[in-house]
Amino acid sequence: MAKKFNAEDISNKIGIPSNILAGSQMIYAIGRGEICIENYKGIIEYNQNIIKIQAKNYRIIIEGKRLNILYFTDDEMYITGLIETISYK
Amino acid sequence: MFIKIVKWLRGCVLLVVKNKNPERFFNLCRKRNINLWNITHKESLDSSEYYFFMKLKDYWEIRPIVNKTKVRPKIIKRIGLPFLIHNNRKRYGYVCGVIISILLIYLLSLSIWDISVLGGYKYTPNIILNHLEENNIKPGTKIKKLNGFEIERNIRNTYKDIGWVSAEIKGTRLIIRIKETTMPSVAKEDLEPSHIIAQKDGEVLSIITKAGTPNVKAGDIIKKGDILVSGLVNVYSDFEEIINIKPLVADSDIRIKTDNKYKDTLNIKYRQKEYTGKSKLGISINILKLKINIYNPRISYDKYDIIVNEKKFKITNSFYLPITINTTKINEYNDLYKSYTKEEANIILNNNLTRFKEKLENEDKVLINNNIVIRYKNNEYIAEGTYILDEPAWSYKVINKNEWRLEEVDDNREVN
């Protein structure tokens, strides 16, 4: 059986940060009130209590209160509000 | 800040979407490079609202997305310059007013409207202002035509005892700062060959000659006009014969003890103004050279003082406008004739004497002794007496060409 091509493994082996070659998601959380997400695909669900974001192979779920999207561009999204959990699915 | 200004200039709109699922709308906007910001969600029992901002330019491009997603965005707030222009498109007067005021402010900023002179003691601001006006520098002169360096040079050349001048153009103000010096003027250096002669009768206290031939020594009694240091210097040969006479500018530090007389009189009667408390106010506005009287009261008083307060209009501390408001206050008074008592006269005359002494000190004169007494005579208090000064009472006297040329001829005759 042919081995599945995994960009993350390759980038780990050759020592390049995986977000460059494999397009992995970057999540910066600043305190409890701000989150910046890079390299995402789209928004699946948004309301003031939950934001579901589609990434390359999985979903990122941010739960909290009074969640706002300060801005979102083609590859970057900035979320503010009171963040309670960040989970992957 | 810069981004905010650009956004305001281009214009943006605040939209609301009343829909359960606007995520598809957001994703499609993202795919088409339509930027949304400040997305907020507000939920109540019966409705769910999403608010977001969008550029005005992008608003015209969301129609296909709206059709596809069946989302109905509604504008609730318009922000920015395009809307401001649109809203005021029929207010011609308002727009004209704004344009004219901007133009006026621009035109006014091209000229100076206020000239301040700071730091003068002997030269009052009025003297300097009059001098500048003679050189065509007055309120209303174009800033472009002014040259700070030229102004400084002009003032320095005209008033020799102003040691330091700075002319600064700040907004619509011209600020001139001057510093006066008590140093002897430089002009004396350009003198022709001259003697030093006595200005007053007296006794030589000390004489230190730097150039020239001294004719007197310390302790000599001299009279006014005597040559103290001659500007003619004999040139001797090896055999101590005069072979030439050289004229030069005599230079010497000489202190002379002189006798001087002092007299100061004070009339026993004097007039004092007694204000009656009645006053009138007048207001006028000066715009450029035009004077508009808003209220000009008729003066019915016999004797009165007029006090004018001038207030200049300014936008900032350095942006003065050619508009001044003058408030005139006219105060009525009656003359009251009084007499000085002996004590009052003593105080006034002594104060005058103290001022006189200070003036002497400033002029490099030392008061050695004085016997000035105050007495009363013919309705007058008189402070009278003599005082002895240690002063440099000398001046230059240009050497007459005959003085030394004749001597030269005599020398030649002797040789012949």
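Numbers restart at 1 for each chain; the letters A, B, ... are given by sequence-line order, proteins then strands.
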Worksheet item: Mind checking which of residues 61-70 of chain A sit less than 4.5 Å from chain B, heavy atom to heavy atom?
Response: A/N68, A/I69, A/L70
Worksheet item: If you check every heavy atom in residues 75-89 of chain A against those of chain B, which residues fall under 4.5 Å?
Response: none
Practice prompt. Tell me, yes or no, whether the heavy-atom count around B/R156 atom CZ, taken from other residues, nucleotides or ligands under 6.0 Å, exceeds 12.
Written response: yes
Worksheet item: For chain A, which residues from residues 23-30 of chain B lie under 4.5 Å away (heavy-atom distances)?
Response: B/E23, B/F26, B/N27, B/R30
Practice prompt. Determine whether more than 12 heavy atoms belonging to other residues, nucleotides or ligands lie under 6.0 Å from atom CZ of B/R89.
Written response: yes
Worksheet item: Is the number of heavy atoms from other residues, nucleotides or ligands within 6.0 Å of CG (B/L288) greater than 12?
Response: yes
Worksheet item: Is it true that atom CZ of B/R173 has more than 12 heavy atoms of other residues, nucleotides or ligands lying nearer than 6.0 Å?
Response: yes
Worksheet item: Would you find more than 12 non-hydrogen atoms of other residues, nucleotides or ligands less than 6.0 Å from B/F313 atom CZ?
Response: no
Worksheet item: Atom CD1 in B/I39, atom OH in A/Y71: separation rounded to 0.5 Å?
Response: 12.0 Å
Discussion item. Sort by residue number and list every residue of residues 42-53 of chain A having at least one heavy atom under 4.5 Å from chain B.
Written reply: A/G42, A/I43, A/I44, A/E45, A/Y46, A/N47, A/Q48
Item to complete: Answer with side chain, backbone, both or neither: which region of B/F52 has an atom nearer than 4.5 Å to a non-hydrogen atom of chain A?
Response: neither
Practice prompt. Give a yes or no on whether B/K312 atom NZ has more than 12 heavy-atom contacts from other residues, nucleotides or ligands under 6.0 Å away.
Written response: yes
